[in-house]
Number of protein chains: 2
Amino acid sequence: MNQRADVHHPEPDGSVTPRLCEACEARHRGICGALTDGELLALSRVSGKRSLEPGENIISDADLVASYGNMLSGVAKLSKTLSDGRQQIVELQFAPDFLGRPFHKESHLTVDAATVVRLCTFPKSTFDKMVSGNPDLKQRLLDQSLRQLDEARDWMVTLGRKTAREKLASFLAYLARHVNPENREKPGGVVVELPLTRSDMADFLGLTIETVSRQLTALRKSNLINLIDSRHVEIRSMPRLLQEAGD
Amino acid sequence: MNQRADVHHPEPDGSVTPRLCEACEARHRGICGALTDGELLALSRVSGKRSLEPGENIISDADLVASYGNMLSGVAKLSKTLSDGRQQIVELQFAPDFLGRPFHKESHLTVDAATVVRLCTFPKSTFDKMVSGNPDLKQRLLDQSLRQLDEARDWMVTLGRKTAREKLASFLAYLARHVNPENREKPGGVVVELPLTRSDMADFLGLTIETVSRQLTALRKSNLINLIDSRHVEIRSMPRLLQEAGD
DNA sequence: CGGCCGGTTGAATCTCTTCAACGTCCGTGG
DNA sequence: CCACGGACGTTGAAGAGATTCAACCGGCCG
């Protein structure tokens, strides 16, 4: 085999990993973990890294999507917009989530960067072919879809049945859980960085920015949280916050 | 091959279809369409039909689920409940939807019959094995998951951003579409049967029963619908209803 | 007949929104 | 250098939309 050192290098076990993928989280926890060495190499040959600033658009609603991506870092917003402009964020994506809707020509979602986002992108056609031929990869896609379906349904309860205060508590719990799943069980406090503006939080929670702001100060006055600055919140006790979240 | 006439019979093309599956919608549009003759036969040997009355429970939250099912007819509610009893219906299932959460020991949902429901059930273990070995089947599961994910996210917009009136209009449109996908494009009117009580509608829309009732009469007074009886609604014009639904 | 369930309607209440003012931070340009 | 404008966030007061509480109706079953 004729290897170019700048594209891949041998692993201790004899397998090869493309340079591009070496330090990539998606290589292990993400979708790419299901790829064979050959597939990974083939994909890395046609993939590229992309960096986006907060607010920058990644995919527009009804766009013809020609490529998929893996989140390498940062937070992206998946949202839907009504004809009169009302917006609802339906999910946040973190590394190493897979970005894109397999088997559909166009997206029915808008994807925007909430923070600085780094992406690894690759052509839809190449990837779709790999999915057809690799059941493990299909399994990973199925796993992610089912996980996202669970998330979506949990959030539907938040949107449909919770009060503004509970929504804010739920959001903070959601964040704490997504930056580190262990946070859910922690007996004490946690500091979380808010990847969203008040306006984004409102769109995620089905509220207005004013209500978001008010409920945050209400939670602070109840000693449940501490507002370090507008982008950092200290959750003083995870169990009490979860209590407050209602479920 | 030693065939028992009560279990299967030969098809014109030489394949065999188990008696049980002959008239089954799921055999074609549903999950079972991806099964080989052999798999279908094996599955039919361990499957059984079940009929449930309205309100009857199919799967409880946190139940250890030992079996899956295909909807043969009727409507089932998938719902989640908060600790204090508030409830949110997260999706309705129609024939020939697949019922159950693959690869998870316990369900995080409650499933109840809304109308009379007929099910074809089969053991989780048998089916899970088939999924591992049959990429087409896995594909169908992935397709259904992605479709449900789209549904869920659309509904999140309804729950988070629409007014009560828009929610009711959205619900009627949702029903019309699920009874018959062509209804979405129809220029004229449609009569739909409501598979849910006012209380269920409220739990699906994140409202109270009183608001549901009031908004229905409001839509009637606006000449958008006609309330034939408490279980039948005539949508007088699909386009106008969709307009009213906001998106 | 009486009671219960599902549904509708009215009046009072409350939660969240709307509208408006104000404060801070930050980059731009006079 | 500092004044200006814009983005983001907080807070107050008034208002609207949905909920709560309550009464009532019709159908059904014991």
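Worth saying up front: this structure is predicted, and the values here are computed from it rather than measured. Below, each value reflects all heavy atoms present in this structure, side chains not excepted, and no hydrogens, waters or symmetry copies. Convention: sequence-line order gives letters A, B, ...; per-chain numbering from 1.
As rounded to whole Å, 15 Å separates atom C1' of D/dT19 from atom CG of B/L205. A/D203 places its CG atom 12 Å from the P atom of D/dG9, with the value rounded to the nearest Å. Atom CG of A/D229 and atom C1' of C/dG23 are 16 Å apart (whole Å). Atom NZ in B/K162 sits about 17 Å away from atom P in C/dT17, given to the nearest Å. Note: CG (A/L168) to P (D/dT10) measures 10 Å, nearest angstrom. Here C/dT24 presents its C1' atom at 13 Å from CZ of A/R198, a figure rounded to the nearest Å. If you measure from atom CZ of A/R231 to atom P of C/dT24, you get 20 Å, rounded to the nearest angstrom. For B/E210 and C/dC5, the CD to P distance is 16 Å, given to the nearest whole Å.
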Legend entry - Candidate pair B/Q215 and B/K167, rule side-chain contact (heavy atoms from CB on, under 4.5 Å), full reasoning: CA-CA 9 Å; B/Q215 295 301 330; B/K167 284 181 177 183; over 6 Å; no
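Residue-level contact check: A/I209 touches neither bases nor backbone, having no heavy atom under 4.0 Å from any strand. As judged by a 4.0 angstrom heavy-atom cut-off over every strand, B/G55 is placed among residues making no nucleic acid contact.
Evaluated for a side-chain hydrogen bond (donor to acceptor under 3.5 Å, both in side chains) with B/K77, the options B/D203, B/T115, B/D200 yield exactly one hit, B/D200. Here the rule is side-chain hydrogen bond (donor to acceptor under 3.5 Å, both in side chains) with A/D150, and of B/R101, B/H108, B/H104 only B/R101 fits it.
Looking at A/D154 and B/K80, a side-chain N of the basic residue comes within less than 4.0 Å of a carboxylate O on the acidic one, giving a salt bridge. A salt bridge does not link A/R50 to A/E56: none of the charged nitrogens lies less than 4.0 Å from a carboxylate oxygen.
For A/T208, the listed nucleotide lying nearest its side chain is C/dT17; candidates were D/dT19, C/dT17, D/dG9. Considering only the side chain of B/L207, D/dT19 comes nearest among C/dG7, C/dT18, D/dT19.
Proximity of residues 211-228 of chain B to DNA chain C (heavy atom under 4.0 angstrom from any strand atom) is restricted to B/S213, B/R214, B/T217.
Relative ring orientation between A/H178 and A/F94 is described as parallel, the plane-to-plane angle staying below 30° on a 0-90° scale split at 30° and 60°. Aromatic ring orientation, A/F204 versus A/Y174: perpendicular (interplanar angle above 60°, classes split at 30° and 60°).
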